[in-house]
Protein chains: 2
Amino acid sequence: MSKKDQITRERILNEAEALFATNGYDAVSVREITTAARCNLAAVNYHFGNKQKLYLEVFRARWVPRARRVQEYFRESLASRDILSTSAVAQALAEAFLKGPLSDDERQRQSQLMTRELIQPTEAFELLTEEVLRPFFKELADTLRPFMPEGLGNEGLALNILSMFSMVIYFNFARVVVSRITGRDYDAAFKDRLVEQIVEFSLNGLGGGEREGA
Amino acid sequence: MSKKDQITRERILNEAEALFATNGYDAVSVREITTAARCNLAAVNYHFGNKQKLYLEVFRARWVPRARRVQEYFRESLASRDILSTSAVAQALAEAFLKGPLSDDERQRQSQLMTRELIQPTEAFELLTEEVLRPFFKELADTLRPFMPEGLGNEGLALNILSMFSMVIYFNFARVVVSRITGRDYDAAFKDRLVEQIVEFSLNGLGGGEREGA
DNA sequence: GTCTATAGCAGGATAGAC
DNA sequence: GTCTATCCTGCTATAGAC
């Protein structure tokens, strides 16, 4: 594989990722991708075989590595703290995903691509769950386990992690709704506010309400 | 509009909804829809003008009314309780969305369609936010306001509601991940478990962890 | 109101020159 | 490895018979 070859290949991957994330697999044509990548129509078939394989490669070569960077950031962020606690984990998690090492565009693409796979799983879903989600969940479970109440089983722990996760995911992918409802843009200040919210809610829930149901 | 006309129209709407939800707008052809609805290719143009208008009509005639049914269920469920409390609201909310008046298929379609609009808003997004989401959020805010701590501003309240909502939405649309991680199917027992989880997490967060960060 | 037939165009993929 | 040219299929939309 020559140098120039890689450059074309990389350009295709970049443009394909952006277009697939924004518009979805079926709405994007190979022509659109190759035009954006300033190369020939045939280049996709030459480098990736076909459109479907290009899509999968976007996950392998772009999505998975970026997810790993976020997880690495989370790990280091946790390691740098003196005291490990539930709130430290919640904060590191929220920061890694909402601020973290990715650019705003990367973050948006990342959650668009993942959400599309959640609504309608394809081959890429396997990659995404088995290579990224499942190991990360396992890691989170091991980290949080010591801080959980005695009686809490593995399922309870898993559901707690999923609950935290749901906020992190939602505040990323449903930006357009969150902005509408709160009237705020996703600037640095608002992201800080969201991290704070996730940590606070993860620790105390709504807080202040009665603790007994009707 | 004759009786038979309505029947064809309704059949098209039903099939279109299912197909758009499962496969997304661009992946579905008018041919697929009309074949599934056992009518002619031209029927979509006759009844709805074009494909895009059919898509919008799916939201107007199917999605919005169903969302209203869920909200109505929530309202009645709350009204039937003796004591209004934070946990009562959380429970009514989780039950309305995870169990509620919709069939399992309806629920799945509903969240697929909404999530697609969140990732990539079209005209339908306006309908969805202004006619359904925003009024419901306002209602929830009014209901919860009396139970919130004194100092909590409108933004804090909005974020709390969004946090609860994120769990409800996530446990609906990310079934495939939730099932993978927990190893459980979405049967009646698991849905009860999820309602319990949402209520518990909404009230106490993770619980049991230290309350002080590092 | 429902159908068939077709216009008119865009899609993925490949063959073969360079 | 990159290009042009092209095949073939499938799409939306409409015209016009019934």
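All values below were derived from every heavy atom in this structure, side-chain atoms included, with hydrogens, water molecules and symmetry-related copies excluded. The sequence lines fix the lettering, A, B, ..., with proteins before strands; numbering per chain opens at 1.
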Base-contact (B) and sugar-phosphate-only (S) positions in nucleotides 13-18 of chain D, heavy-atom cut-off under 4.0 Å, - elsewhere | BB----
Salt-bridge test for [X] and [Y]: reply yes if a basic N is under 4.0 Å from a carboxylate O, no otherwise.
X	Y	value
Glu95(B)	Lys191(B)	no
Arg81(B)	Glu76(B)	no
Arg180(A)	Glu126(B)	yes
Arg68(B)	Glu131(B)	yes

Distance, rounded to the nearest Å, where [X] contributes [atom1] and [N] contributes [atom2]:
X	N	atom1	atom2	value
Lys53(A)	dG12(C)	NZ	C1'	14 Å
His47(A)	dC3(D)	NE2	P	9 Å
Glu32(A)	dA10(C)	CD	P	12 Å
Tyr25(A)	dG12(C)	OH	P	8 Å
Phe48(A)	dG1(D)	CZ	C1'	13 Å
Ile12(A)	dG1(D)	CD1	P	13 Å
Asn23(A)	dG11(C)	CG	P	12 Å
Arg38(A)	dG1(D)	CZ	C1'	17 Å

Test of ring centre spacing under 6.0 Å for Phe48(A) and Tyr55(A) = no
Looking at Phe74(B) versus Phe97(B), is the centre-to-centre ring distance below 6.0 Å?
-> no
Phosphate oxygens OP1/OP2 of dT2(D): is one of them under 4.0 Å from a side-chain N or O of Thr8(A)?
-> yes
Any Ser29(A) side-chain N or O less than 4.0 Å from OP1/OP2 of dG11(C) = yes
